[in-house]
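These notes are about the structure you will find just below.
Quick note: numbers below take in every heavy atom, side chains included, and nothing from hydrogens, waters or symmetry partners. Counting convention: from 1, in listed order, for ligands and their atoms alike. Start at 1 with the first residue, then count along the sequence. This is a predicted model, so every value here is computed, not measured.
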Amino acid sequence: NPTRTALQDCLAALEGGTHGVCFASGLAAVDTVVRTLSPGDHVVCGDDVYGGTYRLFTTVFAKVGIRFSFVDLSDPDVEIPEGTKLVWAETPTNPLLKTTDIQSLADKAHAVGALLAVDNTFATPVFQRPLSMGADIVLHSTTKYLGGHSDVVGGALITSNDALAEQFTTLQNSVGAVPGPWDCFLTLRGIKTLAVRMARHDENAKALVAWMRERDDVAKVIYPGFGGMVSFVLKGDLDAAVRFVKATKIFILAESLGGVESLIELPAIMTHASVPPDVRASIGIDDGLIRLSVGIEHIDDQREDLEQAFAAAKG
Ligand SMILES: *Cc1c(COP(=O)(O)O)cnc(C)c1O
């Protein structure tokens, strides 16, 4: 399909790769990468990856004999064991927004003959281009910032490795999780404003972070220093956090992220509900952790909305 080809070429150019391969969803793109492996192969994966990625790895692929270990890839001393076939990194991570030194991780992966895949959904190529730092594969859920308007679902893989691109294209054709031409058109149209949208997401997020860091009702603000994703821990219990997310009007209560409109969610009971509670606790996803996808509305409207939610959370 020519519209899909246009999108694939556009994404490859944005990430500085030679091949782009598009799918019907971000998860279909994740699925495709793991399908290049064989039973018995070992994958080292970040420990707070997107909940759906975690579920796909631990339920669907663990069952067919692919082995996964979950480690903190943001730890500069992390070791990649001999025999690893694939390292799966998300940076910044979701929802704790931890960052990884991609170049150093790529060197460690390559030293044991493993490939490095980086899920670049949160950063977008505006803030980070993993292929230029040694990654072999870049993944996007184009559902998020690339599409940018919460009206299309899609995914993509970008690489400069010809052999990998050949495998991805064969799987795209054999498995059939392809995007339709209309989806590709909407994504291409979204990408036309990616740079200006990201600048505004970044500007608004930085202003909200500075404002929240001064507040007594916030225990912690988590922000990687760029982009539109902000997480914070509200003081109080889960009920207070639920009151908070129910009170906002500009920040719509919903999963997903990266659209022009602001979204708010509670990872413990929404995006990361499929991660077992003990695992959540061990990696620091508190019950009071609230994730914001800061949109491009006027900053005064965003601040006013959160201000009244802080009041509502007090009950
Ligand atoms: C949403 C998301 C995915 C999955 O993408 P879908 O398009 O929803 O299937 C993968 N990784 C990250 C970081 C995401 O936010």
Side-chain angles (χ1 to χ4, degrees), residues 7 11 15 20-35 43 45-61 68 70 73-74 86-100 102 116-128 130 135 137-158 172 175-180 183-184 186-187 190-191 198 201 222 224 226-231 254-259 263-265 267 270-275 283 285 291-295:
L7 176 60
L11 290 169
E15 286 290 358
V21 187
C22 288
F23 298 89
S25 68
L27 277 171
V30 178
D31 174 86
T32 299
V33 176
V34 184
R35 278 177 195 270
V43 180
C45 180
D47 62 5
D48 66 341
V49 288
Y50 173 66
T53 299
Y54 180 85
R55 183 177 51 207
L56 177 65
F57 288 177
T58 54
T59 62
V60 178
F61 283 114
F68 296 90
F70 295 91
L73 293 177
S74 69
L86 175 70
V87 178
W88 189 278
E90 224 178 272
T91 178
T93 62
N94 173 27
L96 297 173
L97 306 175
K98 293 190 290 190
T99 52
T100 292
I102 296 174
L116 173 63
V118 174
D119 184 333
N120 205 30
T121 299
F122 274 39
T124 81
V126 171
F127 292 111
Q128 171 173 283
I137 303 161
V138 169
L139 178 132
H140 277 287
S141 166
T142 55
T143 312
K144 316 294 169 53
Y145 285 111
L146 293 174
H149 297 75
S150 310
D151 56 5
V152 61
V153 174
L157 299 173
I158 301 105
Q172 180 195 39
V175 177
V178 289
D183 294 354
C184 295
L186 280 175
T187 307
I191 289 172
M198 292 317 292
H201 286 299
I222 306 168
F226 61 88
M229 299 303 295
V230 177
S231 292
E255 296 189 4
S256 199
L257 62 109
L263 299 181
I264 187 166
E265 69 112 1
M270 294 173 66
T271 45
H272 290 66
S274 59
V275 180
I283 60 180
I285 301 179
R291 189 188 79 179
L292 302 177
S293 173
V294 179

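- Listed by atom number, the atoms of ligand 1 under 4.0 Å from E90 heavy atoms are 13 (C).
- Looking at F122 and T91, their side chains never come closer than 4.5 Å, going by heavy atoms from C-beta outward.
- Once rounded to the nearest 0.5 Å, the distance linking OG1 of T53 with CD of E90 reads 6.0 Å.
- Of the protein's heavy atoms, L27 N, 2.9 Å lies nearest to atom 9 (O) of ligand 1.
- Between H140 atom NE2 and F23 atom CZ the span is 13.5 Å, to the nearest 0.5 Å.
- Between R291 and I285 the shortest side-chain heavy-atom distance does not fall below 4.5 Å.
- Any N or O atom pair closer than 3.5 Å counts here, and G26 shares at least one such pair with ligand 1.
- Here's the thing with T53: none of its N/O atoms is less than 3.5 angstrom from an N/O atom of ligand 1.
- Put simply, CE on M198 and OG1 on T124 are 4.0 Å apart, with the number rounded to the nearest 0.5 Å.
- Among all protein heavy atoms, the one lying closest to atom 5 (O) of ligand 1 is S141 OG, 3.0 Å.
- Of the polar atoms of K144, at least one N or O is found under 3.5 Å from an N or O of ligand 1, judged by distance alone.
- When each of V152, L11, I191, L7 is paired with T142, the side-chain contact (heavy atoms from CB on, under 4.5 Å) condition holds for L11 and for no other.
- Within the listing of ligand 1, atoms 13 (C), 15 (O) sit less than 4.0 angstrom from a heavy atom of F122.
- Below 3.5 Å of separation, one finds an N or O of D119 facing an N or O of ligand 1.
- Aromatic ring orientation, W88 versus F57: perpendicular (interplanar angle above 60°, classes split at 30° and 60°).
- Here the heavy atom of the protein found nearest to atom 4 (C) of ligand 1 is Y50 CE2, 3.4 Å.
- For the ligand labelled ligand 1, residue G154 lies inside the 4.0 Å heavy-atom shell.
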